[in-house]
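Below you'll find the structure, written out as structure tokens, and then a few comments.
Just so we're clear, the structure is a prediction, and the values are computed from it rather than from any experiment.
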Amino acid sequence: MTGQMGDTARRLLAAFFALALVFTALPGTNWTAITDPDLAPGDYALVQVAHGAASAVAAKATAAGATDVAALDTLDIVTARVSADAIRTLQSDYRVSSIATDAGITAAGRGEHFERANGRPSPGVGVVDADKAWTGATGRGVTVALMDTGVAEHPDLDGSVVARVDFVGDGATLQDPSGHGTFVAGLIAAHGRTFKGVAPDAKLISLRVLDQNGNGTLHSVLAAFDWLLQNRMTKHIKVLNLSFGAPQKSSYHRSLLAGVVESAWFAGITVVAAAGNDGPVHGTVAMPGADPFVITVGSFADQGTLATNDDRESVFSSRGPTRDGFAKPDVLAPGEHIVSLRVPGTALDLDATGGPGPRGRDAEDVAGPYARLTGTSASTAMVTGAAADILEAHRNYSATQVKGALVASGSHIAGTRTPGLDVDDALTVRPARVNAGLVPSLVLLRLLAANGQLFGTGITWEGISWEGISWESVSWEGVAWESVSWEGVTWDGVTWDGVTWDGVTWDSVTWELQ
């Protein structure tokens with residue numbers, strides 16, 4: 001599939017596909033688990049299984065030649081280094097929903113250390129009119145979750161961080177051994193006397209999925225999403241910042257990470273993801289930013305000025321189209337020489353020789369409570385803060401409406417059609433129509449169908465509003481969707497982010513996957 005579906009009937013095909021999966025999910029049918037196309041014999045795999053089946057599937061994988069096998073019963077996941085025979089055996093087991101490589105993810109910052117004296121620092125929040133927006137909204141009452149390297153204590157974040165959860169398990173003694181997560185957090189919600197983030201009154205939750213070098217695994221991300229879905233209501237989480245990424249190697253319909261982020265999106269969480277730093281080559285947007293539903297953020301250079309006529313898309317900022325033909329990113333924000341919070345003694349704070357802190361004439365650029373970085377990580381954090389401001393001003397907005405407001409209010413950036421962030425205008429503009437006609441990842445649909453949760457007795461195809469579903473008891477770790485609550489879902493006159501399906505016929509429906 002390239003781009004959005006051409007007509008309503010083709011958009012409805014996702015429903016048709018999912019319906020077929022209900023039958024293939026039954027024991028004794030010709031079942032083939034979704035398999036990462038990059039998985040090869042000898043790779044370390046994450047195997048998602050039906051609830052309670054981890055031990056049995058692990059034993060079967062071992063018998064088929066897999067090694068380093070572990071049954072994570074509480075997570076409904078089997079991890080193993082798989083042989084060719086083991087891959088075939090797992091693919092044909094109806095209890096297995098998907099098989100993926102335990103892919104690596106990396107933070108979307110460009111440098112290994114805080115910057116020295118290279119280029120004028122960005123004026124930051126003033127460039128995107130966040131300071132003007134504060135008369136209308138400051139993110140008060142909105143909680144933002146960050147999946148990053150952690151968030152350390154800092155005077156400018158005093159009282160902001162309401163929870164910290166570590167999914168890396170590397171024995172780190174620091175809350176943020178990298179410094180990257182704290183830097184990102186500052187751009188969202190810092191509220192110091194001299195430095196403020198875009199949403200200074202927002203609350204933060206740190207979900208640590210990256211180590212001190214900014215590296216992580218899909219396994220830790222799954223665990224973090226599981227926690228997020230289970231706690232989103234009690235913790236009042238409305239926005240998720242993902243300043244990390246991995247190369248998009250397949251269609252989002254085959255991407256586990258796409259299915260995961262969409263589960264949060266449909267649960268009512270506005271997901272903001274970094275485009276990545278692999279530009280100016282086209283087709284380089286990272287996953288999960290390559291998912292068509294989420295808000296994907298690239299970087300623009302503000303040249304160190306408040307003027308907008310000199311703003312240009314950053315050369316390094318990743319560009320679309322995605323593998324599925326979608327234009328990305330959705331919005332640009334300042335991403336060059338950005339000032340935010342510094343954590344002394346962390347990995348970003350070390351100089352090139354490994355010593356603590358900067359030396360000589362460059363010391364003043366990094367010393368003290370603030371430092372500078374370049375990358376779409378910083379840009380993403382600013383848009384996340386803007387989303388929090390929008391949700392304070394419009395508490396009933398869906399994630400799709402937040403995206404529409406950001407797109408509709410954007411400023412012109414020379415040389416690109418992608419709008420630049422304008423926080424003040426985003427509070428009052430009428431949201432643009434976005435995400436219309438998109439089809440959710442088939443990974444998500446198939447996982448729901450495989451666990452018997454997409455359909456029930458008496459349920460017909462006349463509709464489902466994804467953003468009205470209760471997702472807090474959904475387990476992405478175990479991919480055990482039996483706890484999904486469909487009560488209260490109306491099945492008359494289908495809407496899918498504003499797409500009306502009335503009068504659709506099945507004639508001439510076609511489907512292609514690229």
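The closest donor-acceptor contact from the side chain of D389 to the backbone of G139 lies under 3.5 Å. At distances below 3.5 Å, at least one donor-acceptor pair connects side-chain atoms of S206 with backbone N or O atoms of V151. The backbone N or O of G159 sits less than 3.5 Å from a side-chain atom of K203, completing a donor-acceptor pair. Remark: side-chain polar atoms of S398 are paired, donor with acceptor, to backbone N or O of Q401 under 3.5 angstrom. Using modelled atom types, one side-chain atom of D166 and one backbone atom of V168 make a donor-acceptor pair closer than 3.5 Å. Side chain of K196 to backbone of G192: a donor-acceptor contact under 3.5 angstrom is found. Listed for the E115 side chain is a donor-acceptor partner under 3.5 Å among the backbone atoms of T374. With S409 contributing its side chain and A405 its backbone, the two residues share a donor-acceptor pair below 3.5 Å. Of the possible polar contacts, none joining the H394 side chain to the N396 backbone as a donor-acceptor pair under 3.5 Å is found. Proximity of a side-chain donor or acceptor of H236 to a complementary backbone N or O of G141 within less than 3.5 Å is not detected.
A salt bridge is absent between D302 and R120; no separation between the charged side-chain nitrogens and carboxylate oxygens falls under 4.0 Å. Between D330 and K328 there is a salt bridge, since at least one side-chain N of the basic residue sits less than 4.0 Å from a carboxylate O of the acidic one. Under a 4.0 Å N-O distance rule, the pair R140/D201 qualifies as a salt bridge.
In this structure, F244 and V221 have side chains that are in contact, with non-hydrogen atoms separated by less than 4.5 Å. Counting heavy atoms from C-beta outward, Y370 and S340 have side chains that stay 4.5 Å or more apart. A heavy-atom distance below 4.5 Å is found between the side chains of I188 and L146. Counting only heavy atoms from C-beta outward, the side chains of I338 and L373 never approach each other to under 4.5 Å. Within the 4.5 Å cutoff, side-chain heavy atoms of I205 are placed close to those of T143. Two residues are said to be in side-chain contact when any heavy atoms from C-beta on lie closer than 4.5 Å; L242 and T380 fail this criterion. In this structure, L157 and L204 have side chains that are in contact, with non-hydrogen atoms separated by less than 4.5 Å. You'll find the side chain of E336 reaches within 4.5 Å of the side chain of S299, heavy atoms only.
Residues L421 and F300 come closest through the heavy atom pair N-CE2, 4.4 Å. Minimum heavy-atom separation, P344 to D349: CA-OD2, 3.3 Å. Nearest heavy atom pair, residue E262 against residue P440, reads OE1-CA, 3.3 Å. The shortest heavy-atom contact between S318 and A275 is CB-O, 3.4 Å. Closest approach of S441 and Y252 over heavy atoms only: OG-O, 2.9 Å. Across all non-hydrogen atoms, the minimal contact from V339 to P121 is CG2-CB, 3.9 Å.
Under the 6.0 Å cut-off for aromatic ring centres, F293 and F266 qualify, their centroids lying closer than that.
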I'd like to know whether R312 forms a side chain to side chain contact (heavy atoms under 4.5 Å, CB included) with Q303, so could you lay out the CA-CA distance, the side-chain angles of the two residues, the decisive distance to 0.1 Å, and finally the verdict.
CA-CA 8 Å; R312 297 291 185 275; Q303 316 300 341; 4.3 Å; yes

Yes or no on salt bridge (Lys or Arg N to Asp or Glu O under 4.0 Å) for E153 and R164, after CA distance, side-chain angles and deciding distance?
CA-CA 11 Å; E153 299 287 347; R164 292 180 174 88; 3.6 Å; yes

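Looking only at atom types and distance, the side chain of S178 has no donor-acceptor partner in the side chain of Q212 under 3.5 Å away. Residues N241 and T384 bring a donor and an acceptor atom of their side chains to less than 3.5 Å of each other.
Each of T346, D176, D148 was compared with T182 under the side-chain hydrogen bond (donor to acceptor under 3.5 Å, both in side chains) criterion, and only D176 meets it. None of L348, D211, L210 except one satisfies the side chain to side chain contact (heavy atoms under 4.5 Å, CB included) rule with T149; the exception is L210.
With a 6.0 Å radius and a threshold of 12 heavy atoms from other residues, nucleotides or ligands, R193 has its CZ atom at or below the threshold.
Rounding to the nearest 0.5 angstrom, the gap separating the CG atom in N277 from the OG atom in S314 is 9.0 Å.
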